[in-house]
Structure formats: structure tokens, C-alpha cells
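Step one of this worksheet: look at the structure below.
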Amino acid sequence: MEERRYRAVSGAPIALRRRQHSASCWELAVRGPRLQLRSLSAVTSAVWLAAYGLFVLSESSMVLSAAIFITLIGLIVYLHFVKIDQESLLVIGSLGIQVTSSYASGKESTTFIEMSQVKDVVINEAIHMQKVIYYLCILLQDPQDPQGVSEVVPLFQSSQPRLDCLMEVYKSCQEILEQRKTAPQSSGIK
Amino acid sequence: MAAGGPARRAHNVCMVSDFFYPNMGGVESHIYQLSQCLIERGHKVLVVTHAYGTRKGIRYLTNGLKVYYLPLKVMYNQSTATTLFHSLPLLRYIFVRERVTIVHAHSSFSAMAHDALFHAKTMGLRTVFTDHSLFGFADVSSVLTNKLLTVSLCDTNHIICVSYTSKENTVLRAALDPQIVSVIPNAVDPTDFTPDPSRRDDSITTIVVVSRLVYRKGIDLLSGIIPELCQKYPDLHFLVGGEGPKRIVLEEVRERYQLHDRVRLLGALEHQDVRNVLVQGHIFLNTSLTEAFCMAIVEAASCGLQVVSTRVGGIPEVLPENLILLCEPSVKSLCDGLEKAIAQLRSGTLPSPETVHNKVKTFYTWRNVAERTEKVYERVADEVVLSMDERLNRLISHCGPVTGYIFALFAVLNFLFLVFLRWMTPDSIIDVAIDATGPKGAWTKQYFLGKKGRVKEEILNS
């Protein structure tokens, strides 16, 4: 297992952890920056100060309790649905690719793509929020047309690593996909 | 560095225009062909345009020509809206990640081209502008465009025009120093326009007209010529290719004089069909009222047709006198010219289509255009970019007291915006794009032959 430091497109520090379980099984995880206590307390105090200002003006204690609830619910929603701590990719040559994103609250969402559906893993370019970025994506095989691509699944959407990090992930993925190509029948045995 | 030897530098050129494929037209093919020839000469070229429908993002064309289709709002006639500022973040990102050294903007109708020039100057990049059209001086819209052009071009490093008439026009409109204006004509691909005498019917005489059916192309003149000549020559046929608001005028003429069998209106033509229409005729008629450089007559001459045209704009410069009959833009003069051409055709004194083609094919080639454009780039690369205070001085002294100060203010605001963007996302955290073309280009023959999806990964593998 090795861990290397990179940067995201936004400039935030991220870490790429690579672990090789066997010759045809890689686990790649990109960990984004942790939730900073500093920014959390800054947001909380901003909301509470605003609420206190309103309280002084309106003299209704409802404002204060509303502020407390808003902060709490906001925090839960943020941790549970927005903030992604880690995105990982488990590539198993004979099975498929499992994409997992772990939220800051511990919730995990997982999708699995069967190897027979995977056409290729490529790095592409896209225009995203006034930026032109590189991103890694899985191309899914079109069942009707052996040459066609039915869907593009973008990876690491929340951490958005820069090109040097993507290249590392890309190389590991290609290593396994190459093995599949040299032994094309392995998936058909089952 | 490619075949050119060690003396030549490779430039990173960014072509910017609102007009590019899939939109069809002269500017579009100009940009495409010029880019292809520059790539062949070892430069890195990319094209930036706005999104066309679902065609947005980044695409690669033949030989790794990279095209950015930016998601900007289209306002009028495929031209984007301009606020002078909103395109800065994206264009700056592209200029930085592609390490652009020269920004080459095309067409004065393109708001995006002017925006890009403005931003490039703020960023301290070298700028070149190609003007593709002629303008008047009298009506309100041209007065306004001329003013904008003055502002946009006063601090541009170099300007390219397609003909001497166009140069004269641009120098007057934008109050420029003629020293920084070069003339590089357009080109045609001679292999696309070859003569084929077997396709035409020699028992009749066919006059071909291929143009958009709009006022500017003199379609009203054409509607006067058709009945007059059809009365005089019973075996004369007209073949009209193109679409536009003036089609109704031609249909009326056809109706009134019962010429349905002799005047065929083909409607809009795809570029690849133009040659098939041209080779069916003997004489090509161009009735334009204004024209910077007429591609159509070169294409027709390349197909071996005798060309009859109005003497307007840059047309007299385009072909030598023995290949073209020039007339005044009036029905009478054009009829005289056509009669002369028909007489020559009947007496057999016209040169054969093959000889005409062989002569024309040496006149205008894209390789030659690319070579001359490269010289402009060389010259521009040695020039110094105006510093901010010089640029402001130039704007104030050159563009009149009111406009000058307003645009100087805009330039300052643009600079402040750029400073802000540099603070938000420093250049150092913008990934350098992988070159598809140019000296370190990853796009070679073997990658190009691969499937589309494989191309990118092989670039990365190398």
C-alpha cells in the first residue's frame, strides 16, 4: 500500500492511496481534505451572529431557536449528502469495477459495473464551471453495437484530481484491462 | 520542429471565431484549411468557438486539430453576445492550459473574436486579426461596427485582409497604420474543383450562378438579366444554386416569362455539391454588389468555366484579365458581358477547361496562405506587447475622447478581473494540456488510425 499527495483542480490537497490485492485487483482511493474545524466554526458563528442580530431587532426568541435548528439540520444534510470524504475504485480483472463514495457521516454509496459492460477507462476533457478539466471516466459497452459507447460514467466527481493523479489511476486500471484483453474468454466461463 | 529547418520557431496558435464547423461558410473553411496547413508545418493549432446545439465541449478533428466549443449564449446570426468580461475566465483558462502564444481572431462580425482579442491583450499575448468582409461607411450599423473595430484593432499587433480592396477598406474604417496590415488572399482546394466537360450539354449554353440569394449578391440584377437574354438566345439555360430571401424574385421572373424549363433553381447546396453544379455550365455569372474576395469565381474558373462578374470590391484582383470578363454592376453592362462570353464560346475562342484549371490551380493554394500567415506570426512574435499604460494611452489617443476613455476604463476593469482570477486560480494549478499537434504533438498517424475512444489513452500512454 502506498499513499501519495496530489492536488485537486481547485488547488485543495488530496491523497491517492493505491493498494494491490493481487495481480488483477487494484484498490484506488482518493481522499479529499477533511472537514476543517475552522470552517465549521466560522459558518456556525456567522449564522448565530446573524440570528442574534435579528433577535435584538425583533425581540423574539423564536429566531434563536430557529438558528440552532437550521445549523443542526444543515450540518446533518451537509455531512450526509454533500461532503464526500473518499472516493474509491476497486478494479477486479475477472469481475468488474466497483465505485464507492464515502460521505463524511460514514454513509457509503456503491455502484458496481460488470466487466463485460466495461468497454474502456479513459481520461477525457470537459468544460466545467468556467474551467476546462481532465476527468477519468468508464465507457460502457453498447449492447447493440460492439463499437459503440452507450454511456460515460465519470469518476472522482467530487474530489476532481489533477491530471498527474488521474494518470496514476489510469495506468493501474489499464494494467488490469490489458490482462483482460490478452485472455478474452475469462469472463465467459462462469 | 518539422521539415522547415532549425530557423523556424513553432508557435502555439489559437484561432478564435464564432464561425466554425458545423456552421458552413467561407470563414469556417478558411479557419479549418489554414489550421490544417499550419499543423502540417509543425505548429500547434487550436480553434475556439461557441457551442452549436448539442456540439459542445472539446472535439478533435482531422490530424488532431483541437476544437473548443464553449457554452456561450448565441445572440444573433450565430454571433455570441458580448459583455467584454464574461468570457474571460474560460478563455484565460484555455490560453494558460494550452500555452498559447498567438491569438488569431477571425471575422469582424464575431463578438467572440473581439472579446478574445481584448482578453489576450490584457493577458499580454500577441494578437492577429483576419478581416473577411467589406463594410460601408454611411448607415448607422456600419458606423457603430466601424467604431468598435477601431477600438478593437488599435492595439492589435497585426491585421490580415483577404484583398487589397479589403485592406483599404479596413484601414479607413479602423483608422489603422497600413504598415501593420497584410494582404493574404483566400485559397481554394483545386483538387475539389476539377473540370469535367463530359457533364455539360454542348447543344445548349448554360449559365451557372452559385451564391446566396440575398440583396448583397445582386440577385435583383440577375432577375433583370434572365428575361433579356432568354429572349435573345432561345438555347440559353440558367442554373441557379443557393437559397435566400431573394429567391422569390427569381421565381416571379420565371413565372412571368414562362421560363420553367430554362431557369432551374436548385435551392441550398452543400459545399461538396457545388462542383457538380459548376461543371454542368459553360459560363459562370457573379452579380455581387460588394465582395472582399470572391471565392466563388475562383472555384468556377478552377472548374474551367468562363467567368463574368461585376467590377466591385476586390474582384478585379482575383483573376487575370484573360480568365474573367468584368462589367459594371448594371443589367445592361452585365448583359453585354454575357453576350461577349457567349459569342466567344460559340466561335470557340475560349481556352479549354483543362488549360484554365491548370492555370488557376497555381494561383491560390492553402499551403501558400499558411506560409504567408506564418511569416506574419514570425513578425508578430518578435514584436513587444504593449504594456498596460501604453495600451491605455493608445486607446485614449486613438479612439476619440468619449469612446477612448470608456474603453480604457473597460481595459482597466478587465485587468482587475484578471488579477482576481489569477488570485482565485493561480496559473500554477492549471493543468497544462497535452499537445495533440505541434512539435511535441502526440497525434501521429498510428494514433489517428485507431478508434476514436482509444486515441486519448494512447496519447497518455506515450
Side-chain angles (χ1 to χ4, degrees), chain A residues 5-14 33 118-142 145-156 159-178 180-181, chain B residues 14 46 48-51 55-60 66-72 85-100 119 417-418 420-436 442 447 450-462:
Chain A
R5 314 223 140 260
Y6 291 100
R7 280 188 176 275
V9 170
S10 60
I14 51 170
V118 176
K119 188 176 164 63
D120 212 339
V121 176
V122 295
I123 295 176
N124 208 347
E125 283 171 290
I127 298 170
H128 175 79
M129 303 287 280
Q130 304 288 336
K131 280 178 181 158
V132 185
I133 58 168
Y134 281 105
Y135 67 98
L136 194 71
C137 59
I138 304 177
L139 304 180
L140 297 192
Q141 183 87 49
D142 193 345
D145 172 19
Q147 295 287 319
V149 174
S150 65
E151 207 183 321
V152 177
V153 184
L155 303 171
F156 306 123
S159 43
Q160 293 182 352
R162 284 182 61 177
L163 186 59
D164 46 358
C165 176
L166 290 178
M167 298 262 265
E168 286 303 312
V169 180
Y170 171 81
K171 278 178 191 152
S172 313
C173 291
Q174 282 304 320
E175 215 173 274
I176 292 165
L177 291 177
E178 280 304 318
R180 184 186 60 150
K181 252 165 240 154
Chain B
C14 178
L46 50 131
V48 177
T49 183
H50 65 79
R55 197 174 178 83
K56 46 191 158 193
I58 297 146
R59 309 284 179 112
Y60 288 89
K66 192 175 189 178
V67 188
Y68 286 86
Y69 291 95
L70 305 185
L72 301 172
F85 300 112
H86 73 300
S87 54
L88 178 62
L90 259 179
L91 284 174
R92 178 225 165 204
Y93 213 93
I94 293 169
F95 292 162
V96 172
R97 81 196 291 272
E98 298 282 356
R99 297 289 184 263
V100 170
H119 301 326
F417 190 26
L418 180 70
F420 171 73
L421 287 172
R422 281 194 176 141
W423 175 73
M424 286 286 287
T425 40
D427 286 1
S428 58
I429 72 158
I430 297 178
D431 273 326
V432 180
I434 287 167
D435 291 1
Y447 303 127
K451 282 180 298 224
K452 204 183 166 204
R454 308 271 313 157
V455 167
K456 195 57 149 287
E457 75 188 56
E458 297 195 60
I459 289 169
L460 293 175
N461 270 341
S462 60

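Below, read A as the first sequence line, B as the second, and so on, with proteins coming before strands; counting in each chain starts at 1.
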Problem set entry | Interface moiety of B:L88 toward chain A, non-hydrogen atoms closer than 4.5 Å | neither

Problem set entry | Spacing of CD1 belonging to A:I127 relative to CG belonging to B:L72, to within rounding of 0.5 Å | 8.5 Å

Exercise. Taking everything shown except A:K131 itself, do over 12 heavy atoms lie less than 6.0 Å from its NZ?
Worked result: yes

Problem set entry | Toward chain B, the part of A:V9 with a non-hydrogen atom under 4.5 Å | both

Seminar exercise, completed: To the nearest 0.5 Å, atom OG1 of B:T425 lies from atom CD of A:Q130 at 10.5 Å

Problem set entry | For the student: nearest non-hydrogen atoms of B:K66 and A:E125, plus distance | NZ-OE2, 2.9 Å

Exercise. So what's closer than 4.5 Å to chain A heavy atoms on B:S87: side chain, backbone, both or neither?
Worked result: neither

For this session: State, to 0.1 Å, how close B:I429 and A:R162 come at their nearest heavy-atom pair, and which atoms those are.
Result: CA-NH1, 3.2 Å

Exercise. What distance do B:D431 atom CG and A:I133 atom CD1 have between them, rounded to the nearest 0.5 Å?
Worked result: 9.5 Å

Exercise. What part of B:Y68 is in contact with chain A, defined as an atom under 4.5 angstrom from a non-hydrogen atom: side chain, backbone, both or neither?
Worked result: side chain

Problem set entry | Smallest separation among heavy atoms of A:Y134 and B:R97, with atom names | CE1-NH2, 3.1 Å

For this session: Could you tell me which non-hydrogen atom of B:I58 sits nearest to which non-hydrogen atom of A:A126, and how far apart they are?
Result: CD1-N, 4.1 Å

